Amino acid sequence: MNHATRRLYLATYCWIDVLDGMIEKCYIFYRVWKYWHSPMLHSLSMTIASAYDMYLECCEGKLVPEWNVQSVETFHTFREILSSQMMRYNPANLQYPGDQLMRANTSKPKLQRAGERGDYMKMDLQVAKRS
């Protein structure tokens with residue numbers, strides 16, 4: 001190994017250990033295992049660990065000084081808040097960019113799809129035909 005490569009390795013290998021520790025703290029598992037579950041769960045755990053790291057950067061005021069927060073949530077509390085938020089998520093509400101392209105919306109007829117604000121469109125056409 002040349003000197004520059006070794007110096008880079010020694011400067012950054014501890015961050016891999018930190019990420020591995022955070023991935024283990026996620027405790028994400030399934031009862032039934034298929035061969036594709038392991039890489040999927042690993043990537044999900046890595047995403048949660050990266051999201052927590054971004055949360056810490058925002059709370060410390062590194063990005064915007066006004067975002068500085070004195071009481072920062074622990075990793076486990078952050079994970080619980082994140083999981084409850086994802087359990088309430090519904091792409092039919094159109095809250096995030098790209099939700100209109102998800103299967104929950106594209107499989108519905110256009111009159112039943114959500115509007116711009118997230119509420120369902122009124123079917124005025126059927127009311128007009130009856131009166």
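Just so we're clear, the structure is a prediction, and the values are computed from it rather than from any experiment.
Under the rule for a side chain to side chain contact (heavy atoms under 4.5 Å, CB included), the partners of His42 that lie at least two apart in sequence or sit in another chain are Ile23, Met46.
Checked by atom type and distance alone, the side chain of Thr77 never pairs as donor or acceptor with a backbone atom of Glu73 at under 3.5 Å.
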Next on the checklist: Run Ile48 and Phe75 through side chain to side chain contact (heavy atoms under 4.5 Å, CB included) and show every step you take.
Outcome noted: CA-CA 9 Å; Ile48 292 171; Phe75 178 74; 4.2 Å; yes
All N/O donor-acceptor pairs, side-chain side in residues 57-67, below 3.5 Å, sequence neighbours left out:
unit_1 : atom_1 : unit_2 : atom_2 : d
Glu60  : OE1    : Lys62  : NZ     : 3.2

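For the atom pair Gln85 CD and Glu80 CD, the distance stands at 13.0 Å (nearest 0.5 Å). If you take CZ on Arg79 and OG on Ser84, they are separated by 11.5 Å, rounding to the nearest 0.5 Å.
No continuous path of hydrophobic side-chain contacts links Leu82 to Val69 [ILVMFWY only; heavy atoms under 4.5 Å]. Val72 is connected to Met22 through a chain of hydrophobic side-chain contacts under 4.5 Å among Ile, Leu, Val, Met, Phe, Trp and Tyr, so both are in one cluster.
Residue pairs satisfying the side chain to side chain donor-acceptor pair (under 3.5 Å) criterion with at least one member in residues 46-55, sequence neighbours excluded, are absent.
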